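Owing to the predicted nature of the structure, the values given are computational and were not obtained by experimental measurement. When reading the values below, keep in mind they use all heavy atoms of this one structure, side chains included, and skip hydrogens, waters and symmetry mates. Both counts, for ligands and for their atoms, begin at 1 and track the order of listing.
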Amino acid sequence: MALIVQKYGGTSVADLDRIRNVARRVVKTFEQGNQVVVILSAMAGVTDRLIEMANNMSKNPDRRELDVLLATGEQTTAALLAMWLKSQGHPSKSLLGFQAEVKTDCAYGNARIMDVGAGQIKKLLEDNNIVVVAGFQGCDADGNITTLGRGGSDTSAVAIAAALRADRCEIYTDVDGIYTADPNVCASARKLDRISCEEMLEMASLGAKVLHLRSVEFALKHHVPVWVRSSFNEEEGTMLVNGEHDMEREVVSSVTYNKNEARITLKKVPDQPGIAAKIFGPISDSGINVDMIIQNTRAGGQTDLTFTVPKTEYARALEIERKVAEQIGAEAVYGDENIAKVSVIGVGMKSHSGVAAKMFSTLAAENINIIMISTSEIRISCVVEQKQAELAVRALHTAFGLDKEK
Ligand code: ASP
Ligand code: MG
């Protein structure tokens, strides 16, 4: 007997028939003699609609009340699944985040899980129940309902699996697993049987939507065995591997792109101590995340500084920097929203050289101009013109030998 946590995403519970389909899969696992805890998302589109309603009610919806509202999406699916399971004669109970003892900090809309009690879940499992938990939500120390940020039910699942020391955590979605590139952009993309948590972490932080970033951090930290699979077929999916052993030894394992960033450049800023702090202090004070930063040297004690921010924060960041530029005496501030970040990722890079050179020559051969470059131990990213992103992904996918055999 194993303890299995299964998480079903929004498209897997998009309507009542799909919830019944989920129930069939859950019952099958249960009848094979396993203990099953199910974590659910809201029906696809529901969270968006709730946000729309809130924005209609108030220009700046109260964050606490917004979380109370958003949590209802997952409350609905959890109740419906448990209800259907019971009607079919399977003992089941639904739990909201607070009942499942998902304890978070008090950052409404983007709360972090501090601890999962799991006592109640364990008790219900011992009484032979299929336990259904509403994902995406928790509760802070004062008993307020919190939500974990968009896509956060993955993190609910992995955190609950960690607390229960589950034998496996299966994340069910509408794709077969993790791909070498977005199959919508790159027809020759392949599904990976395995991927290291490290690589997955890079992919998630680059904006690959398959897994919530923090769920991967939990998997890595607590050694939770995670599978990403489709709820629409019986394929094995992709397994997240903790550590590099056993990995397919390709130097690059995936190519990603992200069109959600914008670039801001401050021209001719004084080359003096304290200037970078003045430029980035106000940005960080207003809660804007900066991603890539490049500083050039120029002759004459001046330098250009370029960085990227999420597109949604572009206007705000530009306004802040216009003020900063005046204060520090920079010559000009300008920016560009039509950029994309294309990245190659692979743990194999740690022990292979020449990946960057190959990336640059591949882009050159396609006549794609590189606007910015950044690297980590297992990733190289280039900012390019947005309209060239897809071409860049396909060219890199081929160049690094990732295309599936025809
Ligand atoms: N329902 C939430 C969202 O749409 C959480 C999730 O699906 O993971 O972001
Ligand atoms: Mg998701």
Side-chain angles (χ1 to χ4, degrees), residues 5-15 18-19 22 37-55 61 63 66-81 94-98 100 102 104 107-113 116 132-139 145-161 169-179 182 184 195 200-201 203-219 226-232 237-238 240 256 258 260 310 312:
V5 172
Q6 298 187 332
K7 179 256 166 177
Y8 292 90
T11 46
S12 302
V13 294
D15 57 38
R18 289 198 182 168
I19 293 179
V22 163
V37 178
V38 187
I39 319 293
L40 295 183
S41 281
M43 292 178 174
V46 164
T47 309
D48 290 334
R49 278 204 290 285
L50 292 170
I51 292 173
E52 256 172 53
M53 279 199 259
N55 288 336
R63 318 233 345 130
L66 184 59
D67 274 4
V68 174
L69 179 69
L70 294 191
T72 62
E74 275 70 11
Q75 175 162 352
T76 307
T77 47
L80 287 169
L81 178 64
S94 67
L95 296 176
L96 298 180
F98 78 91
V102 179
T104 72
Y108 296 121
N110 198 22
R112 278 180 175 274
I113 296 181
V116 178
V132 183
V133 183
F136 180 53
Q137 53 176 270
C139 129
I145 294 174
T146 54
T147 66
L148 310 180
R150 298 307 304 270
S153 51
D154 296 335
T155 300
S156 310
V158 180
I160 288 170
C169 177
E170 301 171 340
I171 308 277
Y172 285 92
T173 172
D174 53 359
V175 292
D176 287 350
I178 310 296
Y179 277 73
D182 178 352
N184 296 315
I195 187 168
M200 196 61 232
L201 214 49
M203 286 178 82
S205 62
L206 289 168
K209 291 270 154 36
V210 199
L211 281 181
H212 195 232
L213 179 60
R214 263 184 261 139
S215 71
V216 189
E217 290 171 356
F218 259 103
V226 173
W227 269 259
V228 178
R229 312 178 58 181
S230 166
S231 66
F232 300 101
T238 302
L240 258 64
T256 66
N258 177 344
N260 304 326
T312 47

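For ligand 1, the atoms sitting less than 4.0 Å from at least one non-hydrogen atom of Gly152 are 5 (C), 8 (O), numbered in the order shown with element in parentheses. Using a 4.0 Å cut-off to heavy atoms of Gly151, the atoms of ligand 1 that qualify are 3 (C), 5 (C), 6 (C), 8 (O), 9 (O). Residue Arg150 approaches ligand 1 through these ligand atoms, each under 4.0 Å from one of its heavy atoms: 3 (C), 4 (O), 9 (O).
For Gly73, the closest heavy-atom approach to ligand 1 does not fall below 4.0 Å. The closest approach between Gly10 and ligand 1 stays at or above 4.0 Å for every heavy atom of the residue.
Considering both main-chain and side-chain atoms, Thr47 comes within under 3.5 Å of ligand 1 through a nitrogen or oxygen pair. Taking any N or O of Gly149, backbone or side chain, none lies under 3.5 Å from an N or O belonging to ligand 1.
For the atom pair Glu217 CD and Arg112 CZ, the distance stands at 6.0 Å (nearest 0.5 Å).
Protein heavy atom closest to atom 8 (O) of ligand 1, with residue, atom name and distance, is Ser153 OG, 2.4 Å. For atom 7 (O) of ligand 1, the closest non-hydrogen atom on the protein side is Ser41 OG, 3.0 Å.
At a 4.0 Å heavy-atom cut-off, ligand 1 does not touch His212 at all.
In this structure, Ile113 and Arg214 have side chains that are not in contact, with every pair of non-hydrogen atoms separated by 4.5 Å or more. For the pair Arg18/Thr77, no side-chain contact is recorded, criterion being any heavy-atom separation below 4.5 Å from C-beta on. The shortest distance between side-chain heavy atoms of Val226 and Val216 does not fall below 4.5 Å. Leu213 has its side chain within reach of Leu201: a pair of non-hydrogen atoms, C-beta onward, lies under 4.5 Å apart.
No hydrogens or angles considered: nothing links the side chains of Thr146 and Asp67 as a donor-acceptor pair under 3.5 Å.
Only one option out of Asp182, Asp154, Thr238, Val228 pairs with Val210 in a side chain to side chain contact (heavy atoms under 4.5 Å, CB included); it is Val228.
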